[in-house]
Amino acid sequence: MAKIQMKNAVAELDGDEMTRVLWSVIKEKLLEPFVELKTEYYDLGLKARDDSDDAVTYEAAAAIKRLGVGVKCATITSNAARMQEYSLKHLTPSPNGIIRAELDGTVFRTPVLVSNIHGSVSCWKKPLVLGRHAYGDVYKNCELSVPGPGKAELVFTGADGTELRKTIMEMPGAGIIQGIHNTDKSIESFARSCFLYGLSEKLDVWFATKDTISKTYDGRFKEIFQRIYDTEFKERYKNAGITYFYTLIDDAVARVMRSEGGFLWACKNYDGDVMSDMVASACGSLAMMTSVLVSPDGVFEYEAAHGTVQRHYYRYLKGEKTSTNPVALIFAWTGALAKRAELDGTAELGAFARRLEQATLKTIEDGFMTGDLARIAEPPAKQVLDSWEFIEEIARRLEASYKTA
């Protein structure tokens with residue numbers, strides 16, 4: 001068959017370790033034989049980011065905004081051990097944090113459900129969508145290690161020179177201090193993105209903070225969500241037959257574990273990071289979770305929600321074939337290509353994205369899967385495959401789907 005043509009490119013952001021290895025295999029086996037890929041390539045591998053002092057990350061974010069669609073591999077956020085391992089000049093910030101801040105977007109994560117993979121939370125019958133605020137909090141924090149006793153203060157100096165000052169702690173000895181922030185504008189964008197996504201998908205929206213403890217910081221989130229809902233969405237939600245619900249984060253966790261799913265759970269940045277991994281793991285695997293960053297301007301970045309699979313990468317470097325699950329990486333590509341098709345009006349490209357997703361799910365449902373899924377499959381897996389074999393099985397089904405169409 002002739003290759004499917006793309007009108008416009010997507011921004012392609014390469015990553016690190018095992019996911020970087022599989023990224024190229026997915027392109028070679030599942031995409032390039034069928035699609036004349038048009039991408040703007042940016043290497044967001046840890047060393048490339050360090051060498052460019054993160055300029056490449058900002059360039060990639062600008063490309064996503066310009067092109068409207070991006071697709072991103074998993075990347076390393078450096079720590080002291082990584083700094084030594086990769087001989088870095090300095091500790092690099094989270095590339096995801098930079099991109100989220102540049103796009104001012106919200107991350108929506110949804111588990112990929114397969115009929116023969118049964119999660120550990122038996123009452124969940126419908127996908128539980130996580131809406132994660134993608135700006136601020138600990139991901140844009142300021143930290144300080146203090147050597148001994150003293151006063152820790154929070155100080156704000158206004159543009160007019162007015163100063164606000166509050167004592168954090170009279171430190172009795174050495175310790176650590178952290179400052180986090182957020183902006184009304186970003187919280188408003190977060191709220192609108194969640195309410196619009198809930199409306200488009202006909203999902204109830206839940207939101208939770210800890211405003212009983214963090215009365216100013218979390219309290220501002222609660223107030224802004226309620227104001228935007230009341231003034232912009234209340235009637236629209238009523239007409240659509242869906243609702244908005246606020247509760248404390250600990251109560252939300254308890255309610256979620258007793259629910260059937262099928263709603264959008266809006267979370268602050270760190271809460272969403274943790275809870276999306278919990279939902280993915282409970283549904284079967286961290287690799288069975290789609291993730292899309294949506295900006296208020298209608299820009300989309302699709303990525304894998306999991307990490308770079310460091311342990312498997314070290315085994316790969318020793319010459320071993322690993323059974324790393326590539327589903328989230330595949331679905332990052334299908335999401336980006338489907339959105340590109342929607343924006344460009346290229347139906348054939350959109351149909352390809354759907355075919356690739358169906359071929360991936362059918363491979364698993366036919367009993368051929370990676371080791372993480374084989375441990376929880378019912379009926380049991382027919383064959384546990386390494387990543388390369390699994391991708392080949394998907395490719396065979398994808399090719400067959402065109403021959404029988």
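Everything numeric here is computed off the predicted structure, so don't read it as measured data.
- Side-chain atoms of L356 and L31, non-hydrogen and from C-beta on, do get closer than 4.5 Å to each other.
- R220 CZ: 12 or fewer foreign heavy atoms inside a 6.0 Å radius.
- Residues L130 and F108 have side chains not in contact (no heavy-atom distance under 4.5 Å, counting atoms from C-beta outward).
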Open item on the list: Evaluate T75 against K72 for side chain to side chain donor-acceptor pair (under 3.5 Å), listing each step before the verdict.
Closed with: CA-CA 9 Å; T75 48; K72 180 181 174 296; 2.9 Å; yes

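- Around atom NZ of K65, more than 12 heavy atoms belonging to other residues, nucleotides or ligands sit under 6.0 Å away.
- In this structure, K47 fails the cation-pi test against Y86, since its NZ or CZ atom is not both closer than 6.0 Å to the six-membered ring centre and inside 45 degrees of the ring normal.
- Within a 6.0 Å sphere centred on CG of L144, heavy atoms belonging to other residues, nucleotides or ligands number more than 12.
- Both tests pass for R132 against the ring of Y139: distance under 6.0 Å to the centre and angle within 45° of the axis.
- With respect to the salt-bridge test (charged N to carboxylate O, under 4.0 angstrom), the residues K238 and E235 do not qualify.
- Nearest heavy atoms, E378 versus H118: O-NE2, 3.3 Å.
- The side-chain heavy atoms of V107 and V292, taken from C-beta on, include no pair separated by under 4.5 Å.
- The closest side-chain heavy-atom distance from L398 to Q358 is not below 4.5 Å.
- The pair D16-R20 fails the salt-bridge criterion, with no side-chain N (NZ, NE, NH1 or NH2) lying under 4.0 Å from an Asp/Glu carboxylate O.
- E342 has a carboxylate O that lies under 4.0 Å from a charged side-chain N of K339, or vice versa, which qualifies the two as a salt bridge.
- In the model, Y314 has a side-chain atom that pairs as donor or acceptor with a side-chain atom of Q310 under 3.5 Å.
- Here the closest heavy-atom approach between residue A287 and residue V327 is recorded as O-CB, 3.6 Å.
- For Y229 and Y237, the ring centers sit closer than 6.0 Å to each other.
- With respect to D43 and R49, no salt bridge is recorded, no charged nitrogen being found less than 4.0 Å from a carboxylate O.
- Remark: aromatic rings of F225 and F195 are close, center separation under 6.0 Å.
- Across all their heavy atoms, E102 and A61 have their closest contact at CB-CB, 3.8 Å.
- When all heavy atoms of C194 and T106 are compared, the pair lying nearest together is SG-CG2, 4.2 Å.
- Around NZ of K126, the count of heavy atoms belonging to other residues, nucleotides or ligands within 6.0 Å does not exceed 12.
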Open item on the list: For Y58 and D53: C-alpha separation, side-chain torsions, deciding distance, then whether side chain to side chain donor-acceptor pair (under 3.5 Å) applies.
Closed with: CA-CA 10 Å; Y58 288 94; D53 294 322; over 6 Å; no

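- For the salt bridge (Lys or Arg N to Asp or Glu O under 4.0 Å) criterion with K29, the lone passing option out of E399, E389, E392 is E392.
- Applying the 6.0 Å contact sphere to CD of Q178 captures more than 12 heavy atoms from other residues, nucleotides or ligands.
- Under the 4.5 Å side-chain criterion, counting only non-hydrogen atoms from C-beta, P326 is in contact with F390.
- The six-membered or imidazole ring of H133 lies near that of F221, with a centre-to-centre distance under 6.0 Å.
- A heavy-atom distance below 4.5 Å is found between the side chains of M288 and L373.
- Using a 4.0 Å cut-off between charged side-chain N and carboxylate O, K3 and E32 make no salt bridge.
- For K27 and W333, the positive end is not near the middle of the six-membered ring at less than 6.0 Å and at most 45° from its axis.
- Exactly one of D204, D230, V205 qualifies for a side-chain contact (heavy atoms from CB on, under 4.5 Å) with Y244. That residue is V205.
- Atom OH of Y246 has more than 12 heavy atoms from other residues, nucleotides or ligands within 6.0 Å.
- The shortest distance between side-chain heavy atoms of V35 and L37 falls below 4.5 Å.
- Salt-bridge check for K222 with D211: passed, with a basic side-chain N closer than 4.0 Å to an acidic carboxylate O.
- Counting heavy atoms of neighbouring residues, nucleotides and ligands inside a 6.0 Å radius, atom CZ of R311 does not exceed 12 of them.
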Open item on the list: One pair to check against ring-ring contact (aromatic ring centres under 6.0 Å, His included): H181 and F156. What are the steps and the verdict?
Closed with: CA-CA 12 Å; H181 80 282; F156 171 79; over 10 Å; no

